[in-house]
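To keep things clear, I will list the structure first and then write my remarks on it.
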Number of protein chains: 4
Amino acid sequence: MSSNSVDAGHLRAFLERIERLEEEKRAITDDIKEVFAEAKGTGYDVKIMRKIISLRRMDREKRREEEEILELYLAALGEV
Amino acid sequence: MSSNSVDAGHLRAFLERIERLEEEKRAITDDIKEVFAEAKGTGYDVKIMRKIISLRRMDREKRREEEEILELYLAALGEV
Amino acid sequence: MSSNSVDAGHLRAFLERIERLEEEKRAITDDIKEVFAEAKGTGYDVKIMRKIISLRRMDREKRREEEEILELYLAALGEV
Amino acid sequence: MSSNSVDAGHLRAFLERIERLEEEKRAITDDIKEVFAEAKGTGYDVKIMRKIISLRRMDREKRREEEEILELYLAALGEV
DNA sequence: TCAGATAAAATCGCGC
DNA sequence: GCGCGATTTTATCTGA
């Protein structure tokens with residue numbers, strides 16, 4: 001940034017957009033907590049649930065990374 | 001937890017609710033990043049923006065806590 | 001911490017141990033950078049190398065998490 | 001990179017060197033954590049310790065940079 | 001109170 | 001050489 005003519009009103013708009021989004025994010029975090037609490041109340045083990053979710057996420061990420069490396073390999077072959 | 005009669009189909013439903021919420025959360029995180037990127041493109045300094053947001057959040061929390069303590073005082077007065 | 005009689009010389013010793021370890025860590029980080037640079041000079045694609053390393057690390061972590069969740073399941077069964 | 005004649009065995013050697021170094025790095029990270037834990041057990045505040053370490057690092061960097069600029073000045077003088 | 005999960009900040013390497 | 005994106009590191013927060 002090198003100009004001091006930046007529009008402060010514009011900055012304020014950016015800040016408020018971010019703050020609104022952060023509030024939404026916090027609400028979702030709370031929702032997640034509630035679902036865990038509800039599951040726990042139904043008799044499920046939260047720790048196990050977290051592990052399952054973690055493993056499922058790792059599967060997805062692994063698949064994604066494998067696709068990425070495949071593309072990198074193909075791109076490298078294209079350069080041969 | 002002491003029963004193994006828990007309903008696996010129900011567990012699956014909980015997991016999927018959580019995963020959906022986590023996805024929404026990630027989407028919002030991305031939105032926030034985008035707003036920062038846009039602000040940066042407009043010439044604002046992201047690091048400074050983060051500081052401002054952090055300070056504003058602290059202000060809000062401080063005000064909230066002050067209101068809470070005021071209510072506590074008022075409640076205590078009511079009991080006099 | 002509630003005592004002010006903490007031994008400042010002892011604190012200094014802790015700080016120095018940490019600082020020495022951090023220095024060792026930095027040295028290793030530099031070594032890693034050098035190996036990447038050497039590999040790059042030999043004609044390898046650093047991005048692909050990083051992806052391979054990342055995938056291999058994910059494999060190891062996945063295996064570890066699977067063992068952990070197995071133990072959690074066994075522990076849960078023990079409580080039936 | 002334009003050749004596909006890269007030696008795969010050589011690549012493997014690079015990857016293993018890096019992975020070994022990363023493991024050493026992780027070990028040191030764990031050592032650092034342990035020292036912090038030990039210090040905490042002795043009654044020190046980890047957060048404050050981190051701040052002190054950070055400040056000391058900044059001091060060292062500042063001094064280093066000042067020396068660098070001094071050398072630059074001296075070199076410039078030598079060219080007069 | 002503590003470890004473990006999550007989010008934020010700093011750092012680094014790559015491409016233009 | 002510099003900004004951008006990815007990775008790593010630090011700090012905060014939550015739950016046991």
Side-chain angles (χ1 to χ4, degrees), chain A residues 1-2 18 21-22 25-26 28-30 32-37 39-40 45-51 53-54 57-58 61 64-65 68 72 75, chain B residues 1 18 21-22 25-26 28-30 32-34 36-55 57-58 61, chain C residues 1-2 18 21-22 25-26 28-30 32-37 39-41 44-51 53-54 57-58 61 64-65 68 72 75, chain D residues 1 18 21-22 25-26 28-30 32-34 36-41 43 45-55 57-58 61:
Chain A
M1 194 180 59
S2 54
I18 290 167
L21 286 167
E22 288 191 340
K25 207 172 113 177
R26 238 169 288 129
I28 291 179
T29 301
D30 289 349
I32 291 172
K33 252 182 258 166
E34 275 177 43
V35 179
F36 271 119
K40 185 176 184 173
D45 183 314
V46 171
K47 207 167 166 184
I48 289 180
M49 287 180 71
R50 283 192 192 279
K51 267 270 168 287
I53 289 169
S54 164
R57 179 167 38 222
M58 283 176 81
E61 275 179 33
R64 197 177 44 69
E65 287 221 6
E68 278 178 12
L72 285 175
Chain B
M1 193 188 55
I18 290 168
L21 286 166
E22 288 190 341
K25 207 172 115 177
R26 237 169 289 130
I28 291 179
T29 301
D30 289 349
I32 292 173
K33 258 184 240 165
E34 273 176 44
F36 273 120
E38 193 187 336
K40 184 177 185 173
T42 316
Y44 296 107
D45 184 313
V46 171
K47 206 168 165 182
I48 291 178
M49 287 180 71
R50 283 191 193 279
K51 267 273 167 289
I52 295 173
I53 289 169
S54 161
L55 285 170
R57 181 164 39 219
M58 285 174 78
E61 276 176 32
Chain C
M1 194 179 60
S2 54
I18 290 167
L21 286 166
E22 288 191 340
K25 208 172 112 177
R26 235 169 290 129
I28 291 179
T29 301
D30 290 349
I32 292 172
K33 256 182 253 171
E34 274 177 43
V35 179
F36 271 119
K40 186 176 183 173
Y44 294 108
D45 183 315
V46 171
K47 208 167 166 185
I48 289 180
M49 287 181 71
R50 283 190 191 280
K51 267 270 168 288
I53 290 168
S54 163
R57 180 166 40 219
M58 284 175 82
E61 275 178 32
R64 198 177 43 68
E65 288 222 4
E68 277 178 14
L72 286 174
Chain D
M1 194 188 56
I18 291 167
L21 287 166
E22 289 190 341
K25 206 173 119 179
R26 237 169 289 129
I28 292 179
T29 302
D30 289 349
I32 292 173
K33 258 184 240 166
E34 274 177 44
F36 273 121
E38 193 187 336
K40 184 176 186 171
D45 184 313
V46 171
K47 204 169 165 182
I48 291 178
M49 287 180 71
R50 283 192 192 279
K51 268 271 166 289
I52 295 173
I53 289 169
S54 162
L55 285 169
R57 180 166 40 220
M58 285 173 78
E61 276 177 32

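Source: prediction; values computed, not measured. Note on naming: letters A, B, ... go to the chains in the order of the sequence lines (proteins, then strands), and numbering restarts at 1 for each one.
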Could you list the protein-to-nucleotides 10-16 of chain F atom pairs, N/O on both sides, closer than 3.5 Å?
{"unit_1": "F:dT12", "atom_1": "OP2", "unit_2": "D:Lys47", "atom_2": "NZ", "d": "3.4"}

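Remark: C:Ile28 CD1 to D:Ile28 CD1 distance equals 3.5 Å, nearest 0.5 Å. We find the CZ-CD distance between C:Arg64 and C:Glu68 to be 5.0 Å, quoted to the nearest 0.5 Å. Distance check, rounded to the nearest 0.5 Å: NZ of C:Lys47 to CG of A:Leu72 gives 6.0 Å. Atom CD1 of D:Ile48 is separated from atom NZ of D:Lys51 by 10.5 Å, given to the nearest 0.5 angstrom. If you take CE on A:Met58 and CD on C:Glu65, they are separated by 5.0 Å, rounding to the nearest 0.5 Å.
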Quiz item: Where do C:Val35 and D:Leu21 land on the side-chain contact (heavy atoms from CB on, under 4.5 Å) test, with the steps shown first?
Solution: CA-CA 10 Å; C:Val35 179; D:Leu21 287 166; 3.9 Å; yes
Quiz item: Hey, mind stepping through B:Ile53 and B:Phe36 against side-chain contact (heavy atoms from CB on, under 4.5 Å) and telling me if it holds?
Solution: CA-CA 12 Å; B:Ile53 289 169; B:Phe36 273 120; 4.0 Å; yes
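The footprint of chain B on DNA chain E, defined by a heavy-atom cutoff below 4.0 Å, extends from E:dT6 to E:dA10.
Under the side chain to side chain donor-acceptor pair (under 3.5 Å) criterion, C:Glu22 pairs with D:Arg57, not counting sequence neighbours. Contacts of A:Arg26 classified as side chain to side chain donor-acceptor pair (under 3.5 Å), with partners at least two apart in sequence or in another chain: none. By the side chain to side chain donor-acceptor pair (under 3.5 Å) test, C:Arg50 is found to be paired with no residue, residues two or more places apart in sequence or in another chain being considered.
Rounded to 10°, the helix from E:dT1-F:dA16 to E:dC16-F:dG1 has 10° between the axis fitted to its first five pairs and the one fitted to its last five.
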